[in-house]
Number of protein chains: 4
Amino acid sequence: MTIERTLFTPDHEAFRDSFRRFMDKEIAPFHDDWEAQGYVDRALWNKAGENGFLCMSLPEEHGGAGADLLYSVIQFEELWARGFTGVGFGLHSEIVAPYILHYGTEAQKKNYLPKLASGEMVGAIAMSEPGAGSDLQAVRTAALKQPDGSWRLSGSKTFITNGWHADLVIVVAKTDPEGGAKGTSLFLVERGMPGFEKGQRLKKLGLKAQDTSELFFNDVHLPPDALLGGQAQENRGFVCLMEQLPWERLQIAISAVAASQAAIDHTVAYVKDRKVFGQPVGAYQNTRYTLAELQTEVQVAQVFVDKCIELLMQQKLDTATASMAKYWTTDLQCKVMDECVQLHGGYGFMWEYPVTRAYADARVQRIYGGTNEIMKEVITRAMGLPGR
Amino acid sequence: MTIERTLFTPDHEAFRDSFRRFMDKEIAPFHDDWEAQGYVDRALWNKAGENGFLCMSLPEEHGGAGADLLYSVIQFEELWARGFTGVGFGLHSEIVAPYILHYGTEAQKKNYLPKLASGEMVGAIAMSEPGAGSDLQAVRTAALKQPDGSWRLSGSKTFITNGWHADLVIVVAKTDPEGGAKGTSLFLVERGMPGFEKGQRLKKLGLKAQDTSELFFNDVHLPPDALLGGQAQENRGFVCLMEQLPWERLQIAISAVAASQAAIDHTVAYVKDRKVFGQPVGAYQNTRYTLAELQTEVQVAQVFVDKCIELLMQQKLDTATASMAKYWTTDLQCKVMDECVQLHGGYGFMWEYPVTRAYADARVQRIYGGTNEIMKEVITRAMGLPGR
Amino acid sequence: MTIERTLFTPDHEAFRDSFRRFMDKEIAPFHDDWEAQGYVDRALWNKAGENGFLCMSLPEEHGGAGADLLYSVIQFEELWARGFTGVGFGLHSEIVAPYILHYGTEAQKKNYLPKLASGEMVGAIAMSEPGAGSDLQAVRTAALKQPDGSWRLSGSKTFITNGWHADLVIVVAKTDPEGGAKGTSLFLVERGMPGFEKGQRLKKLGLKAQDTSELFFNDVHLPPDALLGGQAQENRGFVCLMEQLPWERLQIAISAVAASQAAIDHTVAYVKDRKVFGQPVGAYQNTRYTLAELQTEVQVAQVFVDKCIELLMQQKLDTATASMAKYWTTDLQCKVMDECVQLHGGYGFMWEYPVTRAYADARVQRIYGGTNEIMKEVITRAMGLPGR
Amino acid sequence: MTIERTLFTPDHEAFRDSFRRFMDKEIAPFHDDWEAQGYVDRALWNKAGENGFLCMSLPEEHGGAGADLLYSVIQFEELWARGFTGVGFGLHSEIVAPYILHYGTEAQKKNYLPKLASGEMVGAIAMSEPGAGSDLQAVRTAALKQPDGSWRLSGSKTFITNGWHADLVIVVAKTDPEGGAKGTSLFLVERGMPGFEKGQRLKKLGLKAQDTSELFFNDVHLPPDALLGGQAQENRGFVCLMEQLPWERLQIAISAVAASQAAIDHTVAYVKDRKVFGQPVGAYQNTRYTLAELQTEVQVAQVFVDKCIELLMQQKLDTATASMAKYWTTDLQCKVMDECVQLHGGYGFMWEYPVTRAYADARVQRIYGGTNEIMKEVITRAMGLPGR
Ligand SMILES: Cc1cc2nc3c(=O)[nH]c(=O)nc-3n(C[C@H](O)[C@H](O)[C@H](O)COP(=O)(O)OP(=O)(O)OC[C@H]3O[C@@H](n4cnc5c(N)ncnc54)[C@H](O)[C@@H]3O)c2cc1C
Ligand SMILES: Cc1cc2nc3c(=O)[nH]c(=O)nc-3n(C[C@H](O)[C@H](O)[C@H](O)COP(=O)(O)OP(=O)(O)OC[C@H]3O[C@@H](n4cnc5c(N)ncnc54)[C@H](O)[C@@H]3O)c2cc1C
Ligand SMILES: Cc1cc2nc3c(=O)[nH]c(=O)nc-3n(C[C@H](O)[C@H](O)[C@H](O)COP(=O)(O)OP(=O)(O)OC[C@H]3O[C@@H](n4cnc5c(N)ncnc54)[C@H](O)[C@@H]3O)c2cc1C
Ligand SMILES: Cc1cc2nc3c(=O)[nH]c(=O)nc-3n(C[C@H](O)[C@H](O)[C@H](O)COP(=O)(O)OP(=O)(O)OC[C@H]3O[C@@H](n4cnc5c(N)ncnc54)[C@H](O)[C@@H]3O)c2cc1C
């Protein structure tokens with residue numbers, strides 16, 4: 001890229017280096033095998049915890065490093081740039097943990113945050129169901145309050161990232177069936193609770209080492225303090241979910257740009273090297289213009305995402321802007337991967353090439369975290385357009 | 001689609017039905033397992049032979065049915081519509097066999113064609129090499145003529161469809177190192193010949209049940225009559241390759257349209273059924289317009305491809321027009337799959353959905369059979385534009 | 001193009017030649033001036049009539065030539081290929097006249113058709129209003145039936161092709177305000193009737209020589225037989241409009257393809273000639289691939305449109321298929337013009353270049369005759385998708 | 001837009017207001033007439049000068065306001081947002097004047113800059129010729145040095161912005177025919193010099209009020225000090241041209257984003273108001289998603305351009321980045337205008353609608369200031385790709 005990024009301090013860059021070394025040692029040699037088995041080794045989580053690579057932005061009192069979000073930004077970037085998409089640290093550290101930090105009771109924070117930070121527990125969040133994805137109000141998983149204040153939880157969830165490893169799952173459930181959006185709450189459900197069962201790990205187009213899974217809750221008995229935030233947050237689950245959207249969506253945008261730039265770099269190297277008809281593939285004008293277009297858009301995207309990160313850190317990133325970032329960069333990512341595959345010729349279809357996996361991984365980014373269609377709904381509303 | 005196709009007679013349609021029954025019985029129940037193992041069961045080839053589903057267009061004297069090409073068209077359509085992309089009948093019957101029929105000596109025809117037609121032998125064609133794909137003149141595999149008229153063949157090939165099963169491989173090799181395009185010949189190489197070894201089956205983004213492989217030739221001793229067409233065709237390999245291009249490329253276009261229409265059909269059914277925010281996904285204007293656009297383009301493509309088939313059967317399809325069909329329909333196929341995946345939401349990323357596999361399979365169609373960039377080179381020349 | 005068209009007989013081609021000569025003599029030398037003044041010379045209509053270039057498909061008894069529609073196809077193609085887009089023969093001959101032929105009473109046919117065929121009268125059709133375009137049911141022009149069976153017509157129309165020259169206007173008006181679609185009728189209104197006034201000729205982006213105008217009807221008194229088809233067709237106006245849609249939309253598609261091919265031809269010639277950095281613009285790969293892509297799509301479009309013409313002549317073209325043709329080819333036309341302008345560099349912005357005008361003219365094709373969005377509504381319904 | 005811009009101080013915004021008032025009073029009431037006549041009234045230049053709206057960034061000693069570039073940024077934005085594209089202040093103030101400021105001799109600065117700043121002189125720059133646009137080395141206009149140090153200039157230029165009004169033209173001419181890029185110089189040529197003649201004002205697709213013209217130089221006798229920068233700059237013309245590229249290209253990008261945002265704003269207002277089938281056009285999902293996409297891209301573009309402005313002001317904007325901005329935002333501008341026209345239905349084709357003119361004006365932005373293809377050449381080189 002041609003524009004120097006200005007977000008990061010030398011400390012951040014030192015962290016980037018150390019995380020790279022961690023990846024080289026603990027991830028790179030194994031990621032292929034993890035793809036084959038469909039999940040990363042559980043031990044990776046503990047090693048990451050030991051090395052301070054989980055929940056870095058949690059306050060120190062809760063086991064974190066009290067770091068600013070840029071450390072997590074760097075982690076997203078590095079994992080996606082290298083194609084280590086099986087590693088679900090981001091969701092764990094920057095989605096699951098923050099829910100507990102922001103909405104949890106003191107007891108919940110004490111109990112869970114240090115375990116998430118150390119890797120003793122792997123976290124997941126379970127919103128989607130077979131019949132409810134974009135439309136979370138259609139969630140049918142329900143928690144029935146018992147006279148003693150405890151709950152009985154039933155329902156099934158699907159597409160749950162980190163689902164198979166998960167020790168702690170934040171489950172979205174109806175607590176007031178009449179209440180619509182205002183009748184939903186979040187529960188902290190632990191592995192091993194009777195009635196909580198894991199379904200199969202889902203076989204996917206990409207993210208092959210990600211243990212995305214189905215989860216089943218068959219009349220799981222939950223103590224009163226399994227309600228995230230306690231009674232204060234009862235029926236306020238949707239509000240919590242909404243408040244976290246900007247950062248969650250921006251995370252996807254960050255990874256999209258990093259993956260895209262890495263693919264361009266791979267491809268530039270490839271086309272300089274590969275010769276056809278007596279000259280490098282990269283000497284043909286079609287190749288050159290294609291790469292110039294991709295690099296331009298990724299450069300533009302980087303500047304935009306960096307601006308959004310800045311706004312986020314100033315508490316100024318709204319949902320519509322984050323939705324712009326999410327939809328636009330992930331569309332771009334898919335376009336970049338598509339062109340980069342093409343420029344690799346037959347090799348672009350071979351699984352051993354990073355660009356091929358990057359192509360497979362990219363496709364889901366337009367779907368999860370709110371589909372890109374849903375992003376447009378959000379933007380359109382911010383523009384004051386009528387309708388639905 | 002809204003326009004009735006007029007190519008096919010009732011006989012053709014009866015054949016379509018019977019091939020569908022064959023697929024239901026002999027392919028559908030197993031294709032998933034074949035994907036997992038990376039190749040179709042060898043026995044499938046024999047069953048297909050027994051049932052008359054191989055080399056249908058060969059003259060009866062050579063074991064075929066003397067059928068017109070529309071029977072093969074139907075087979076391409078049905079296999080791709082169903083996603084049975086591991087099954088390499090097309091290349092075997094309509095690329096490999098025709099080379100022998102058109103250019104082989106009487107002895108070669110006698111020897112090989114009936115075996116290909118019966119499934120006793122599986123055929124492949126090996127042009128591409130690690131260092132030569134688009135640019136076949138860069139082929140380094142070479143056959144050295146021996147004083148006794150026999151040949152010594154050395155080199156390596158890659159990306160060879162049906163390669164792992166192949167009993168008979170047509171190998172493109174240099175026979176006159178100085179001759180450039182005019183120094184290339186085709187050889188018939190059989191499994192088991194000393195020095196002919198198979199490399200690994202290649203792990204790919206899609207076409208998971210296809211046994212695409214590397215092949216190695218280490219000083220393979222070939223008898224004089226391993227030269228396809230005998231001495232008459234020595235150094236004429238390129239001419240043969242060129243002559244077959246229109247039909248070979250059209251085959252890809254045919255499969256592209258069939259796969260696309262099937263994906264649209266799947267998706268229309270899905271979006272009618274799937275409900276979000278109280279109405280079917282298919283009721284949203286974005287969904288409807290997207291599908292209207294895809295259906296329009298696929299309808300247009302079908303009319304075009306049918307016209308090309310007509311021209312082909314009248315011996316009037318030139319390479320530039322076939323290249324238009326190949327590039328345009330495969331670009332379209334990838335676009336269709338991409339949108340259909342998106343309309344499936346999270347399910348579009350799950351391997352068990354046909355549309356997901358169709359997405360993965362489609363990607364290679366813009367690459368093999370001559371990349372779409374090479375197609376544009378061909379078209380541009382036919383337009384009289386100054387060249388490369 | 002690479003595929004020979006098979007629709008036309010030598011007679012058709014002879015007609016094409018003679019129409020070309022007519023254009024060379026009677027249109028080409030003046031079209032620039034007509035653009036400047038905003039309308040073609042009225043005399044052109046009479047000359048066209050004299051030479052048999054109006055209403056060719058009308059039966060001979062009504063002043064036509066009893067010709068098949070291919071003669072009109074040729075006329076559309078030639079006018080748009082040359083950029084003579086001010087000349088409204090098509091609407092006159094193949095929209096206005098057919099309404100009278102298909103739905104008119106014998107007296108109406110006798111009265112008007114020969115005058116349209118001779119050019120004594122110029123025809124127009126007035127559906128659109130300032131507040132009603134896509135949504136014709138919102139038409140507010142109304143005709144009130146008088147006790148004596150005569151009518152009083154009031155309302156205003158806009159965007160009326162041939163409006164300023166028009167001697168005879170088919171006016172869409174509400175005849176039963178409660179009846180919705182079933183309360184609309186068509187009226188034959190003549191220039192000079194008291195209360196019928198012409199507004200300004202509309203200044204447009206392109207179609208500069210087209211006298212598109214506003215029309216005003218201020219309590220125009222119409223005799224009973226001004227109702228097209230007489231009482232039999234009272235309140236059946238919408239049905240008539242619907243029935244004519246396939247042919248009307250196909251006309252636009254025909255012109256779109258012809259204009260596109262002409263622009264490609266111009267541009268190919270230009271880029272072969274124009275030199276930059278020591279070689280023709282047409283030698284750069286970016287230019288070559290762009291033109292290969294455009295030519296491919298236009299070739300595909302031509303085959304599709306020709307198929308539609310065939311279907312139309314067999315009475316088999318349905319509205320959804322015609323809508324596909326209309327939307328897809330006009331989108332393509334705009335894309336072609338956009339790229340061709342670009343390849344002309346600065347000259348592509350200069351009004352004297354045909355490609356520049358073709359760019360300006362093309363833009364409206366996606367809008368009139370039913371916007372391309374409306375086309376998608378139609379297609380989507382034919383696909384069985386749940387509605388609006 | 002959703003992201004607040006941070007570039008401008010209250011002083012800048014006050015300037016914006018006052019320039020808006022100037023436009024309201026001195027431009028808005030007349031621009032239509034200026035379009036009809038093909039040039040703005042000469043008096044506008046003097047009024048602008050009087051009011052301090054010319055050459056604001058020139059040092060005060062040279063008649064400017066010593067203002068930072070953001071004042072000019074604002075002027076570009078406001079003129080293009082309002083569609084006052086006939087007004088060539090930008091080229092005059094931020095291209096012509098800076099050449100003299102940066103490369104001129106003291107005498108030249110003294111002589112010309114105050115006149116440019118007051119509007120007494122209108123400036124233009126003449127690089128392009130009928131046979132040389134992208135490829136400036138093909139310039140044939142030549143200046144022959146006379147024994148007394150004076151020059152004789154001959155050649156013709158075309159496409160010259162402000163050409164018809166121009167009082168002072170910077171002319172690019174060969175001074176050493178063998179020297180290639182190193183044999184080019186810049187000359188200051190004044191209206192009225194014998195042999196300097198103006199050709200016709202060029203009729204264009206858009207920019208209708210811009211007096212873009214041809215200029216002819218027939219053996220014009222130039223005094224020695226007509227050479228910009230005097231002898232020190234002899235044969236250094238190309239270097240000067242290159243150095244100014246980043247800012248010149250960024251100017252186009254700035255105008256592209258401003259025009260795009262204005263068109264979106266117009267269109268949002270229009271579709272909220274316009275009703276079809278009982279609801280606003282803006283309530284249809286197709287409309288909403290289209291506008292959400294456009295607004296997203298324009299928002300992204302604004303952030304990028306603002307970043308580039310920042311870099312420019314820090315002397316850190318390189319040519320490749322400016323080329324990214326130029327090509328990407330102008331492509332976007334054309335896309336925005338195209339969609340906005342479509343959403344206006346028939347009105348989008350009527351000249352009286354701002355969006356229609358904006359469509360016509362936009363098209364040239366991808367062509368002048370270096371075509372977008374040339375931008376990609378530049379980017380590609382910065383990426384280290386081989387070839388040309
Ligand atoms: C790999 C992966 C990981 C995931 N991880 C998690 C996780 O950790 N936790 C979790 O809870 N969920 C997770 N998800 C689920 C994900 O959030 C959902 O898949 C996503 O929100 C879409 O929901 P859906 O799949 O039900 O699609 P649907 O909601 O059924 O959407 C189907 C289609 O309809 C479109 N659509 C929806 N509404 C509209 C509308 N109003 N207008 C027009 N079109 C519309 C959609 O855009 C889509 O194209 C994951 C999914 C995947 C694939
Ligand atoms: C699944 C699969 C099955 C296959 N089956 C067979 C088989 O059965 N037999 C066989 O012989 N081969 C087979 N192939 C190989 C296939 O034909 C080649 O992959 C293809 O021809 C491209 O060659 P390449 O991979 O070497 O790419 P390269 O030729 O290296 O191309 C790399 C990139 O450069 C581009 N390029 C090339 N030339 C130009 C140019 N002049 N201008 C601009 N860009 C250019 C290409 O379009 C591509 O984007 C198969 C491939 C695959 C993936
Ligand atoms: C040069 C020219 C010549 C013409 N000639 C004639 C003529 O001879 N006779 C005649 O009667 N008319 C004529 N017309 C009018 C033309 O038919 C209309 O302009 C056209 O039908 C669109 O109507 P509108 O302009 O009212 O746009 P609107 O109907 O207001 O449409 C505005 C926008 O809304 C979109 N839209 C509409 N409905 C929907 C929906 N349900 N969902 C999503 N989007 C929607 C449209 O596609 C468009 O983008 C002509 C127009 C032009 C420009
Ligand atoms: C309204 C207007 C105002 C202008 N104002 C001025 C002015 O004030 N002063 C001035 O000097 N000039 C001016 N210009 C000229 C403008 O800078 C040129 O038009 C522009 O640089 C393109 O040059 P050209 O028109 O000769 O196109 P060409 O250079 O002939 O280009 C033709 C096509 O070839 C493409 N092309 C060129 N090189 C390559 C390549 N290497 N590879 C692939 N494709 C290539 C181009 O992109 C273009 O598509 C103006 C032009 C216009 C239209």
Side-chain angles (χ1 to χ4, degrees), chain C residues 32 35-36 128 130-135 137-138 158-159 202-208 212 274-279 281 284-287 290 334-335 337-338 341-353 355-357 359-361 363-368 371-374 376-377 388, chain D residues 32 35-36 128 130-135 137-138 158-159 202-208 212 274-279 281 284 286-287 290 331 334-335 337-338 341-353 356-357 359-361 363-368 371-374 376-377 387-388:
Chain C
D32 274 14
E35 287 195 353
S128 303
S134 300
D135 178 10
Q137 306 200 14
T158 192
F159 300 142
L202 299 161
K203 226 182 128 195
K204 305 185 295 296
L205 175 70
L207 302 191
K208 298 266 186 198
T212 323
R274 177 81 177 171
K275 292 227 168 38
V276 281
F277 304 105
Q279 55 174 324
V281 170
Y284 288 96
Q285 199 177 46
N286 177 65
T287 306
T290 300
C334 284
K335 178 171 149 186
M337 296 315 165
D338 185 67
V341 160
Q342 188 68 19
L343 291 173
H344 276 74
Y347 296 97
F349 200 65
M350 297 299 126
W351 196 257
E352 74 181 298
Y353 273 71
V355 89
T356 313
R357 302 181 197 199
Y359 178 81
D361 289 346
R363 190 61 192 80
V364 77
Q365 301 248 95
R366 285 155 60 196
I367 295 173
Y368 61 19
T371 68
N372 285 6
E373 286 72 32
I374 295 299
K376 290 176 198 172
E377 291 291 333
R388 173 113 34 102
Chain D
D32 275 15
E35 286 195 353
S128 304
S134 301
D135 178 11
Q137 306 200 14
T158 193
F159 301 143
L202 298 162
K203 227 182 128 195
K204 305 183 296 296
L205 175 70
L207 303 191
K208 298 265 188 199
T212 324
R274 177 82 178 170
K275 293 228 166 39
V276 282
F277 305 105
Q279 55 175 325
V281 169
Y284 288 95
N286 177 65
T287 306
T290 300
D331 272 13
C334 285
K335 177 171 151 187
M337 298 315 166
D338 184 67
V341 159
Q342 187 67 19
L343 290 172
H344 275 74
Y347 295 96
F349 200 65
M350 297 298 127
W351 196 256
E352 74 182 297
Y353 273 71
T356 313
R357 302 182 198 200
Y359 177 81
D361 289 346
R363 189 61 191 82
V364 77
Q365 301 246 99
R366 286 155 60 198
I367 295 172
Y368 60 19
T371 68
N372 286 7
E373 286 72 32
I374 294 299
K376 291 176 198 171
E377 292 290 333
R388 187 175 308 283

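A note on names: the letters A, B, ... follow the listed sequences, proteins ahead of strands, and every chain is numbered from 1.
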The interface call for D:F159 against chain C, heavy-atom contacts under 4.5 Å, is side chain

D:Q342 and C:N372 have their tightest heavy-atom pair at NE2-N, 4.0 Å

_What I'd like to find out is whether the side chain of D:M350 reaches to under 4.5 Å of the side chain of C:T158, using heavy atoms alone._
no

State, with a plain yes or no, whether a side-chain heavy atom of C:R366 is found less than 4.5 Å away from one of D:D338. yes

- Task: Verify, without hydrogens or angle tests, whether D:Y347 (side chain) and C:P130 (backbone) share a donor-acceptor contact under 3.5 angstrom.
- Result: yes

Applying a strict 4.5 Å limit to non-hydrogen atoms, the region of C:Q137 in contact with chain D is neither

In this structure, CG of C:D135 is separated from CD of D:Q279 (nearest 0.5 Å) by 10.5 Å

If one checks every heavy atom of D:T287 against chain C at 4.5 Å, the contacting part turns out to be neither

In terms of heavy-atom contacts, D:L205 and C:A360 come closest through CD1-CB, 3.8 Å

Between the NZ atom in C:K203 and the OG1 atom in D:T356, the distance rounded to the nearest 0.5 Å is 11.0 Å

Among D:S128, D:G345, D:G133, the residue with the most heavy-atom pairs under 4.5 Å to chain C is D:G345

Turns out that what part of D:A138 lies under 4.5 Å from chain C's heavy atoms comes down to neither

C:F349 side chain near D:L207 side chain, heavy-atom distance below 4.5 Å
yes

Counting heavy-atom pairs under 4.5 Å with chain D, the top scorer among C:E352, C:R357, C:E373 is C:E373

Note: C:V276 and D:S134 closest approach over all heavy atoms is CG1-CB, 4.4 Å

Output for pair (C:I374 CD1, D:F277 CZ), nearest 0.5 Å, gives 4.0 Å

The interface call for D:R274 against chain C, heavy-atom contacts under 4.5 Å, is side chain

